[in-house]
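Have a look at the structure below, then the notes.
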Amino acid sequence: MQVSMHRNSIFYGLAFVLAAQFSGGAQAQNEGAEEDALETIVVTATRRAESAQDIPVSVAAFSGQDLFEQGIRDFGQLATAVPSVALQEGGPGFRTVYIRAVATGTIGTFSTTGFYYDESYIEPGGLVLGIIEPLFFDVNRVEVLRGPQGTLFGGSSMGGTLRFISNTPLMDQFEASVGADLSTTADGGMNYETSGMLNIPLIDDRLALRLTGSFRDDGGFIDRHVGISATPGIDPIGPIDQEKNINSSDFQGIRAILEAQPSETLMLRFTVVDQSLESDALPVIDQVPGNRAIQQRGRSFDDFLDEDFRLANLLITYDFDRFELLSSTSWNERVVDYLEDSDGDSFFGLDSIFVTAGRVEESVIQEFRLSSNFAGRFNFVAGALAENYRRDRTTDFFNGDPDGMFFNFFPIAADQDRRQYAVYGEAGYDVSDRLTMTAGFRFYDYQNDLFNVVSEIASSGEESGVNPRFQLEYNARDNALLYVSAAKGFRPGGARRPLFLGPNTTIDGCRDILGVVVNEDGSVEGFESDSLWTYEAGAKTQWANGRATTNLAAYYTDWSDIQQFASFSAPCQVSFFTANVGGARIIGLEAEFDFAVTDELTVFGGISHTDAETTADVPGSPLVKGSPLQNAPDWTINLNVQYSLEIGNYDGSALMTFRHVGESSSTIIPSSNPPIQEGYSTVNLRLSIALEDWQIALYGNNLTNELPLRTYFATSLGVPRANEKFFTEPPRTFGVSLRRGF
């Protein structure tokens, strides 16, 4: 009954707002205003090039110019600019993105958010199912697709999909650009970034090369206080050694795109990406009184996170006039090396622990796609995909000092292979000039093979299934699109693995409580894919002759057999265990707006409200009905006010940005004192001016100097801590950005 009431209230509210929009929009149009319409972005969220306002998909899109004007240079900043997107923040190389509250832990599972670099799917991975950080220079656009995208974009897109689209070579002109950014962070170091792009036509109208490179140095802002203390996390006793700005990091990358057009119908594009990240320490702070940008340690370890990423893609398209055939062949590799100081943890009775971890991930993906271009009422997209994904991982727990004596007391090592095949299709039929029906499906079949190096247990698991999608869209009037949809999403499961048994564990007890097959050798049969259905109603409207845009979406998600990573109580007292346990429901409402109030003043942004909780008790575990999903803030708000002005003979603008992320839980496991991730708000200001070929921006980020306890850090140990640690926002930062085109 409660779910039904929630659902009805959302749809009644949506209907009321839509009615108000249509009446207001008609009135504004009747007034006959002749001002220019707001710019819309062309996206390929439906695997076709269409305006973001003309497709029945909840999508947020940012052009390269939008990213520069709003000061967005990585996914950490992008996440707070999009409704219903949440970030498990951990700094570069340690960021996990969740869409529409479809969030679980980052250990033992696959991602719930898909990520595409141009036409290449990149499995979120690394240490925490993190996405890679591409070069945010010379980018065409970034698309954020909300809701299940399992039909056209595959598994691990059950919450949504991020798409990063590069600029491609120009065949008929030389082009170059440079960029630089210099900033300083309060109580931190200097930050700088340099970038460049070169576009070279090699053969007129036939062959061109585009090169992009970037280097970034972030100076860090967290200090470490090292000294002997009675209790970890409490002010040290006696002399203190202070280490400044321990979380500095360097990023460098290059992207090369060679494109050939032998004829009017044939195109070949070869893309190579090579980038690396070196971070001296995770930006983790202790929850202690006073200045929050502090780590307190009994000794000093040199933490680090190094990540190398390489991508090669060959894209071929052929235009048959009424059809277009696409072939995408991709290879990518991600290598991560990591050392974490876990001083202060309580684990095996030891209090001086460090953890090293390594990950090597490699994917080879071949995809074919056929798109129709009929003049009639019927069109379709169909494709097939083959993937071979490999991940080798090690995690070692040491007691001692990495620069002195230490011993490895708990090694973990496993090699995993996944082979997946899929065919998919989506077809739309125009029932009338205003009404279109769309249906699609994706059939998938995959096999996971896992070899545990330590226990020498080899196992495999396989699964197949179908992801359907149904949709109705109705053009109520010009620039007013209504739609309803139902879509299924999933993510792959995992193979059999050993249990880490507690002292009172019985294998029969685990069988009875968890309902899974536990073998006599202490291993457990693999967990299966989890899935969800999302039911959505939305509207995309423009009015006042295109000077105002309002998009709304309301949705209800039913999530079942969730892949959970948790400890279970006696008699099945196990840790480090993943199983399909419990379910959840998610109810949400999103609104995005863009108003050209006058020729000079524009107001734009978005707001989302999410209500996400579990739906059932899980016997034998602490999971209970009504627990909030982790990393699912109830509110996200971003409001931007931009004013255009003339500075002398040049065009300029001032942009003020307000962003709010609501409070969220760090875990779905209830406790008397759960680590709560604080809600927080930030205010940014950016002043820009265009001087002929130059674009110059002066900015201040986090002007109120908020240092929230943003994301709880469970550490690699996955056990209760002697002192809680969190990630936070960078403190107040002032800087200048420059760009010039040639």
Side-chain angles (χ1 to χ4, degrees), residues 67 71-78 87 89-95 117 122 125-128 130-139 164 178-197 211-224 243-256 272-285 293 295 300-311 332-341 356-361 402 701 727-731 733-739:
L67 296 172
I72 297 173
R73 67 173 194 171
D74 57 35
F75 280 115
Q77 295 170 323
L78 180 73
L87 188 73
E89 177 61 280
F94 214 77
R95 293 185 174 116
Y117 199 128
I122 310 298
L127 295 171
V128 291
I131 58 175
I132 65 159
E133 293 286 358
L135 285 71
F136 268 69
F137 186 81
D138 194 39
V139 55
F164 180 90
V178 294
D181 189 286
L182 179 66
S183 65
T184 179
T185 300
D187 298 320
M190 297 292 295
N191 318 296
Y192 64 89
E193 179 177 345
T194 57
S195 304
M197 181 277 296
L211 299 171
T212 305
S214 187
F215 175 81
R216 177 191 304 167
D217 182 288
D218 285 334
F221 58 88
I222 295 175
D223 297 342
R224 178 180 290 150
E243 301 175 1
K244 299 286 291 183
N245 307 328
I246 61 170
N247 62 312
S248 60
S249 64
D250 293 334
F251 170 89
Q252 56 187 358
I254 187 170
R255 179 173 62 239
V272 174
V273 176
D274 192 323
Q275 60 187 50
S276 64
L277 168 71
E278 295 181 0
S279 182
D280 290 338
L282 292 180
V284 174
I285 61 176
Q295 288 185 5
S300 179
F301 288 178
D302 291 327
D303 299 8
F304 66 84
L305 188 156
D306 295 340
E307 177 178 284
D308 295 311
F309 174 75
R310 288 170 285 274
L311 165 69
N332 70 78
E333 181 185 58
R334 184 177 189 176
V335 181
V336 178
D337 192 17
Y338 170 76
L339 186 147
E340 173 197 327
D341 172 13
T356 65
R359 302 286 189 272
V360 178
E361 298 168 84
N701 293 338
F727 296 101
T728 189
E729 280 285 291
T733 300
F734 293 106
V736 57
S737 287
L738 306 173
R739 285 196 180 184

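Here the structure is a predicted model, which is why all the values come from computation and not from measurement.
- Residues Ser279 and Asp306 share a closest heavy-atom pair of N-OD1, 4.0 Å.
- Of all the heavy atoms in Pro731 and Thr185, the pair that sits closest is CD-CG2, 3.7 Å.
- Side-chain N or O atoms of Arg73 include none that pairs as donor or acceptor with a backbone N or O of Asp181 at under 3.5 Å.
- Listed by chain and residue number, Arg224, Val226, Ile246, Ser300 satisfy the side chain to side chain contact (heavy atoms under 4.5 Å, CB included) test with Glu243 (two or more places apart in sequence, or in another chain).
- Side-chain atoms of Arg216 and Asp74, non-hydrogen and from C-beta on, do get closer than 4.5 Å to each other.
- The shortest distance between side-chain heavy atoms of Val273 and Ile132 does not fall below 4.5 Å.
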- Message: Between Ser195 and Ser214, does the side-chain hydrogen bond (donor to acceptor under 3.5 Å, both in side chains) criterion hold? Intermediate values first, please.
- Response: CA-CA 4 Å; Ser195 304; Ser214 187; 2.9 Å; yes
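- Considering CZ of Phe94 and CG of Leu282, their distance stands at 5.0 Å, rounded to 0.5 Å.
- Side chains of Val272 and Leu311 form no contact here, defined as non-hydrogen atoms less than 4.5 Å apart.
- The closest side-chain heavy-atom distance from Glu133 to Arg95 is below 4.5 Å.
- Rounded to the nearest 0.5 angstrom, Asn247 CG and Leu305 CG are separated by 12.5 Å.
- Asn191 contributes a side-chain N or O that, together with a main-chain N or O of Gly219, makes up a donor-acceptor pair within less than 3.5 Å.
- Between Phe309 and Tyr117, the ring planes lie parallel to each other; the angle is under 30°, not in the 30° to 60° tilted range.
- In this structure, CG in Asp274 is found 12.5 Å from CZ in Arg255, a value given to the nearest 0.5 Å.
- Residues meeting the side-chain hydrogen bond (donor to acceptor under 3.5 Å, both in side chains) test with Glu361, sequence neighbours left out: Tyr389.
- For the pair Arg359 and Tyr338, the minimum side-chain heavy-atom distance is 4.5 Å or more.
- Side chains of Ile285 and Phe727 form no contact here, defined as non-hydrogen atoms less than 4.5 Å apart.
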- Task: Evaluate the criterion side-chain contact (heavy atoms from CB on, under 4.5 Å) for residue pair Val335 and Arg310; output intermediate values, then yes/no.
- Result: CA-CA 9 Å; Val335 181; Arg310 288 170 285 274; 4.0 Å; yes
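- Among all heavy-atom pairs drawn from Thr212 and Leu135, the shortest one is O-CD2, 3.9 Å.
- When all heavy atoms of Met190 and Leu182 are compared, the closest pair comes out as CE-CD1, 3.7 Å.
- Across all non-hydrogen atoms, the minimal contact from Ala357 to Leu127 is CB-CD2, 3.7 Å.
- Looking at Phe251 and Asp218, their side chains never come closer than 4.5 Å, going by heavy atoms from C-beta outward.
- Atom CG of Leu277 is separated from atom CD of Gln252 by 10.0 Å, given to the nearest 0.5 angstrom.
- The heavy-atom pair separating Ile222 from Val284 by the smallest distance is CD1-N, 3.7 Å.
- Contact check for Thr728 versus Phe221: side-chain heavy atoms found under the 4.5 Å cut-off.
- Once rounded to the nearest 0.5 Å, the distance linking OH of Tyr192 with CG of Asp217 reads 4.0 Å.
- Rounded to the nearest 0.5 angstrom, Phe136 CZ and Phe75 CZ are separated by 4.0 Å.
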